[in-house]
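Worth knowing before you read on, the calculation uses all heavy atoms, side chains too, and leaves out hydrogens, waters and symmetry mates. Quantities reported herein were computed from a predicted structural model and do not represent experimental measurements. Numbers here are sequence positions counted from 1.
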Amino acid sequence: MAGYSKIYCIGGEGGFLGADGMNPIDFQILVGDADRQWLEVRYFNRDIKPIGRVRVIIPAGPDHPDALIDACLAFFPEYFDSCPTLTQVVETLRNVSRVDFHLDGEPTGWAQLREEAKPLFKYLVIYKAELQKINGVEQSMEG
């Protein structure tokens, strides 16, 4: 059985009329679990484009500590434009739709790009939610 277990929302903070929380949501990263974990993207801001045609990444292992930064690099490369290695990685992944860190390892230059991206990554506004099934309206009101 496969399904989604968590979601990351990436976007702005504050925003409209001083709202607390996230506003707007630029994109979401959904985490799916099956025989291997995967992360896929859903865009709300149509101006954001992934590296190449990447829509899915498979981390080196379940809940791998680099999975979220790797997903942000793959799905939101323009945010990391100042990273010198980005151009090389973009060229390597130009025609790729899936990056599989588990079976294929890291693409050429990826480890260096990840290190260059860490100072920028910490400033992204990211919210995380664990997904839990609720049964019926009554339970959703309680919990």
Side-chain angles (χ1 to χ4, degrees), residues 1-16 19-83 85-143:
M1 179 183 263
Y4 298 109
S5 60
K6 62 184 99 151
I7 185 170
Y8 295 96
C9 296
I10 296 92
E13 218 166 21
F16 189 132
D20 293 331
M22 178 169 285
N23 184 10
I25 296 174
D26 289 320
F27 65 101
Q28 295 175 329
I29 297 171
L30 300 160
V31 179
D33 294 294
D35 59 328
R36 296 191 301 159
Q37 195 172 70
W38 77 93
L39 289 82
E40 64 184 73
V41 66
R42 296 288 184 263
Y43 292 107
F44 295 99
N45 180 341
R46 300 285 182 201
D47 294 331
I48 299 173
K49 305 289 184 223
I51 288 179
R53 297 175 306 155
V54 175
R55 299 296 286 188
V56 173
I57 73 157
I58 299 168
D63 300 315
H64 193 277
D66 292 329
L68 184 57
I69 190 171
D70 289 344
C72 288
L73 283 164
F75 302 143
F76 192 24
E78 72 186 53
Y79 180 78
F80 303 97
D81 271 347
S82 63
C83 297
T85 310
L86 182 63
T87 304
Q88 172 192 350
V89 171
V90 167
E91 183 60 29
T92 300
L93 299 177
R94 178 181 35 178
N95 295 315
V96 172
S97 60
R98 181 181 76 190
V99 180
D100 189 337
F101 293 94
H102 178 234
L103 294 180
D104 301 333
E106 294 179 348
T108 303
W110 195 275
Q112 178 64 34
L113 176 59
R114 186 187 299 125
E115 287 305 309
E116 295 166 0
K118 284 181 180 178
L120 297 169
F121 178 70
K122 68 181 182 181
Y123 290 106
L124 275 175
V125 177
I126 302 174
Y127 282 70
K128 172 182 146 183
E130 302 287 335
L131 300 178
Q132 297 177 352
K133 183 178 180 182
I134 55 173
N135 296 317
V137 175
E138 206 170 296
Q139 275 190 325
S140 68
M141 300 294 281
E142 292 174 7

Check: Which pair of heavy atoms, one from E78 and one from I48, lies closest together, and at what distance?
Finding: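 Smallest heavy-atom distance, with atoms named: OE1-CA, 4.0 Å.
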
So, taking the atom named [atom1] in [X] and the one named [atom2] in [Y], what distance separates them when rounded to the nearest 0.5 Å?
X    : Y    : atom1 : atom2 : value
F75  : R42  : CZ    : CZ    : 9.5 Å
E115 : C83  : CD    : SG    : 10.5 Å
S5   : L131 : OG    : CG    : 7.0 Å
I57  : C72  : CD1   : SG    : 9.0 Å
H102 : H64  : NE2   : NE2   : 10.5 Å
K118 : E116 : NZ    : CD    : 11.5 Å

Decide yes or no for [X] and [Y]: does some side-chain heavy atom of the first lie under 4.5 Å from some side-chain heavy atom of the second?
X    : Y    : result
L86  : L113 : yes
I126 : F121 : yes
L68  : Y8   : yes
R55  : V41  : yes
L30  : I7   : yes
Q37  : D63  : yes
F80  : L73  : yes
E106 : F101 : yes

Check: Is the closest side-chain donor-acceptor distance between E40 and Y4 under 3.5 Å?
Finding: yes

Margin query: Can you see whether W38 engages D33 through a side-chain donor-acceptor pair at a distance of less than 3.5 angstrom?
Written below: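 No - no donor-acceptor pair under 3.5 Å links their side chains.
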
Checklist line | Intermediate values then yes/no, side-chain contact (heavy atoms from CB on, under 4.5 Å), I51 and V89 | finding: CA-CA 8 Å; I51 288 179; V89 171; 4.3 Å; yes

Next item on the list: For the residue pair F76 and Y79, categorise the inter-ring angle as parallel (less than 30°), tilted (30 to 60°) or perpendicular (more than 60°).
Entry: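 Parallel, since the angle between the ring planes stays under 30°.
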
Margin query: If you apply the rule side-chain contact (heavy atoms from CB on, under 4.5 Å), what do you find for L39 with V56, and how did you get there?
Written below: CA-CA 6 Å; L39 289 82; V56 173; over 6 Å; no

Item checked: I10 vs I29, side-chain contact (heavy atoms from CB on, under 4.5 Å): CA-CA, chis, key distance, verdict -> CA-CA 8 Å; I10 296 92; I29 297 171; 3.8 Å; yes

Checklist line | Residues, nucleotides or ligands: over 12 heavy atoms within 6.0 Å of E130 CD | finding: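 Counting other residues, nucleotides and ligands, CD of E130 exceeds 12 neighbours.
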
Notebook entry, point to check: Are W110 and T85 close enough, and set up right, to give a side-chain contact (heavy atoms from CB on, under 4.5 Å), and what steps lead you there?
Noted result: CA-CA 8 Å; W110 195 275; T85 310; over 6 Å; no

